[in-house]
Amino acid sequence: MVESRLYNYKLVFLSCSLVTIMMSSCNTGTESVNNCDFQPGNRNFAWQVDTVGWWPSEVGGVWAFSDDDAYVMGSIFQYDEEGEFIGYLGLHWDGIRWSPDEVPISEIKHNSVDVTGDSFYMVSVGFWDKSDEKVGLAEFNNQTKAWKGTQFERKGALRGVWTDQDGFFLAVGDSGMIYTKDGYDSEWLYSKAPSEFNLTDVDGVSRNEIYIRGFLSVPGEPNYNQLWKYDGKEWYKLYDNQDTTGIYLQLGDALDPLNSGVGDVDSYRCAATDSLYLYLISNESFLITSEGQSLSYSATNLSALGLPLRQNNRTGLGIDLFNPNDIWIYGTRFNFYHWDGLSFQRMNIPGIPNDDVQFGQQRKMIKTSNGKIFFPTEVNSQVYVVVQGVSN
């Protein structure tokens, strides 16, 4: 049912003298008491590429509980063993193959846009029914193996979801909608951001420090973007290129870094120094820093640190931060770059287009406690694979 190709490919380690200032919001190493030091991120993987969905599939994301226990969610179309073309809402990886058997459509009835989780609980957000345009999400408890689907009455879709990995989940969506879940057994509660933008990306340092991107497309006008900080009670508008009144983050007017309307946000706070490192990935990509909870920020364009996306006329699509020296940034035309604490290096993954001509959507990358990578990517129009990278 699933086409699988295994590649062993040793990636060359490249180093230079760039200052190590990259930080992460998802730490898998041990933070130094004095300076938040981490070991350089690994660049040496054996890659496996599995085709999981053919046109007209759309994949929302993947979550891995372990190396041999992962779920990819979305609207996924495959031929079954009898040759019948069937749609699924998710597939399970058992260490051998991706199978639809363990994802009950009758329970969740949900099309995924984004996925997150912790060591045993997963949440997938998106829409319940495209024709009805209702918000929906799915939850899965990997200990009880119980699925739960929820349809909300509000129109639109949830576009992003984040967890503190301790039972708190926050989902963002169209027209400023927010849904929170505080505790694995609690219900989802609705609230409203002070914005009518579609909220698309969310990441947090803690439940009291969350960063959210918003996007608004107006016919005949430029794309508009916002960046918000939410502390659980108050909202702070850090950036807005539609209404710049009272914003805290100045990124210049000559080349609007967010005008493309795509991108990502990620954050890390070094506990030892109480320093914020906030990453904004888009047409121009930035590292934004501040001390404590100050709303006074400094911004460094990542091109100055060696990220060549803008020099190559490419836009940033996303970022995954696993520790300060293990950061993946990807851009249009299958440009994957890795920061190991010393340099950016382009990562060529066998089985993924590498000609800088093709375009495909990438979803969030997940890394297990053993260092194994999972991430979905589109390789042709609405044809998706899940890439697995086993650390060498």
Side-chain angles (χ1 to χ4, degrees), residues 24-28 41 45 49-50 52-53 57-66 69-76 90-91 93 98 111-119 121-126 137-138 140 157-165 169-173 199-205 210-213 215 262-268 278-282 285 315-323 326-332 334-339 347 349 352 360-369 371-379 384-389:
S24 166
S25 64
C26 183
N27 298 334
T28 58
F45 293 89
V49 179
D50 298 321
V52 296
S57 298
E58 293 183 37
V59 168
V62 65
W63 182 254
F65 296 104
S66 69
D69 186 9
Y71 289 87
V72 58
M73 304 295 292
S75 177
I76 300 169
L91 305 173
W93 172 255
W98 294 95
N111 291 267
S112 176
V113 175
D114 192 22
V115 182
T116 194
D118 55 26
S119 59
Y121 204 87
M122 177 180 74
V123 172
S124 173
V125 302
L137 56 79
F140 177 66
L158 293 170
R159 304 292 176 179
V161 60
W162 172 82
T163 178
D164 67 352
Q165 300 206 347
F169 294 84
L170 185 144
V172 301
L199 305 181
T200 57
D201 304 286
V202 55
D203 185 77
V205 173
I210 298 170
Y211 297 92
I212 299 170
R213 281 190 73 245
F215 171 67
V262 299
D264 201 2
V265 61
D266 216 329
S267 59
Y268 171 82
L278 180 67
Y279 297 85
L280 194 59
I281 307 300
S282 194
S285 298
T315 292
L317 295 175
I319 179 171
D320 292 298
L321 296 86
F322 298 113
N323 73 50
D326 188 8
I327 300 174
W328 292 72
I329 294 175
Y330 27 101
T332 51
F334 294 96
N335 283 272
F336 295 91
Y337 286 91
H338 180 259
W339 172 264
M347 307 294 284
I349 301 173
I352 299 299
Q361 294 291 330
Q362 284 79 46
R363 302 306 183 205
K364 288 182 180 179
M365 184 180 291
I366 300 299
K367 182 176 285 190
T368 70
S369 59
K372 181 178 180 179
I373 285 174
F374 290 83
F375 74 92
T377 180
E378 183 186 28
V379 293
Y384 282 85
V385 301
V386 175
V387 177
Q388 300 182 50

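- Taking both residues in full, the closest heavy atoms of Ile329 and Ile281 are given as CD1-CD1, 4.1 Å, listed atom of the first, atom of the second, then distance.
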Criterion side-chain hydrogen bond (donor to acceptor under 3.5 Å, both in side chains) on Tyr279 and Asp264, from CA distance to verdict: CA-CA 8 Å; Tyr279 297 85; Asp264 201 2; over 6 Å; no
Yes or no on side-chain hydrogen bond (donor to acceptor under 3.5 Å, both in side chains) for Trp98 and Asp50, after CA distance, side-chain angles and deciding distance? CA-CA 8 Å; Trp98 294 95; Asp50 298 321; 3.2 Å; yes
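- For Ser124 (side chain) and Met73 (main-chain N/O), no donor-acceptor pair under 3.5 Å exists by modelled atom type.
- Val202 and Lys364 get closest at one heavy-atom pair: O-NZ, 4.2 Å.
- Summarising the geometry of Val59 relative to Pro376, their closest heavy-atom pair is CG1-CB, 3.7 Å, with the distance given to 0.1 Å.
- In this structure, Asp326 pairs ionically with Lys367, as a charged nitrogen and a carboxylate oxygen lie closer than 4.0 Å.
- At least one side-chain heavy atom of Trp63 sits under 4.5 Å from a side-chain heavy atom of Ile366.
- Atom-to-atom distance recorded for Tyr384:OH and Ile76:CD1 is 10.0 Å, nearest 0.5 angstrom.
- Between the CG atom of Leu170 and the OG1 atom of Thr116 there is a distance of 11.0 Å, given to the nearest 0.5 Å.
- Between Asp114 and Arg159, no side-chain nitrogen of the basic residue sits less than 4.0 Å from a carboxylate oxygen of the acidic one, so the salt-bridge criterion is not met.
- Contacts of Thr377 classified as side-chain hydrogen bond (donor to acceptor under 3.5 Å, both in side chains), with partners at least two apart in sequence or in another chain: Gln362.
- If you run side-chain contact (heavy atoms from CB on, under 4.5 Å) between Tyr211 and each of Leu278, Asp201, Asp266, only Leu278 comes through.
- Rounding to the nearest 0.5 Å places CH2 of Trp339 at 14.0 Å from OH of Tyr337.
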From CA spacing to verdict: side chain to side chain contact (heavy atoms under 4.5 Å, CB included), Val62, Val115: CA-CA 6 Å; Val62 65; Val115 182; over 6 Å; no
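- Closest non-hydrogen pair, Phe334 versus Val379, comes out as CZ-CA, 4.1 Å.
- Between the Glu378 side chain and the Gly360 main chain, no donor and acceptor come within less than 3.5 Å of each other.
- Taking CG of Asn111 as the start and OG of Ser75 as the end, the distance is 5.0 Å to the nearest 0.5 Å.
- Between Thr163 and Val123 the shortest side-chain heavy-atom distance does not fall below 4.5 Å.
- Within the 6.0 Å centre-distance limit, the rings of Phe375 and Phe336 are counted as a close aromatic pair.
- For the residue pair Met365 and Tyr330, the shortest heavy atom distance occurs at N-OH, 3.9 Å.
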Give the intermediate values and the outcome of side chain to side chain contact (heavy atoms under 4.5 Å, CB included) for residues Leu317 and Thr332. CA-CA 7 Å; Leu317 295 175; Thr332 51; 3.9 Å; yes
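- At least one side-chain heavy atom of Trp93 sits less than 4.5 Å from a side-chain heavy atom of Phe374.
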Between Phe322 and Ile327, does the side chain to side chain contact (heavy atoms under 4.5 Å, CB included) criterion hold? Intermediate values first, please. CA-CA 6 Å; Phe322 298 113; Ile327 300 174; over 6 Å; no
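- Rounding to the nearest 0.5 angstrom, the gap separating the OG atom in Ser369 from the CZ atom in Phe65 is 13.0 Å.
- The heavy-atom pair separating Ala171 from Val125 by the smallest distance is CB-CG1, 4.0 Å.
- By the 4.5 Å heavy-atom criterion applied to side chains, Leu158 and Val172 are not counted as neighbours.
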Can Val385 and Ile352 be said to form a side chain to side chain contact (heavy atoms under 4.5 Å, CB included), step by step? CA-CA 9 Å; Val385 301; Ile352 299 299; 4.0 Å; yes
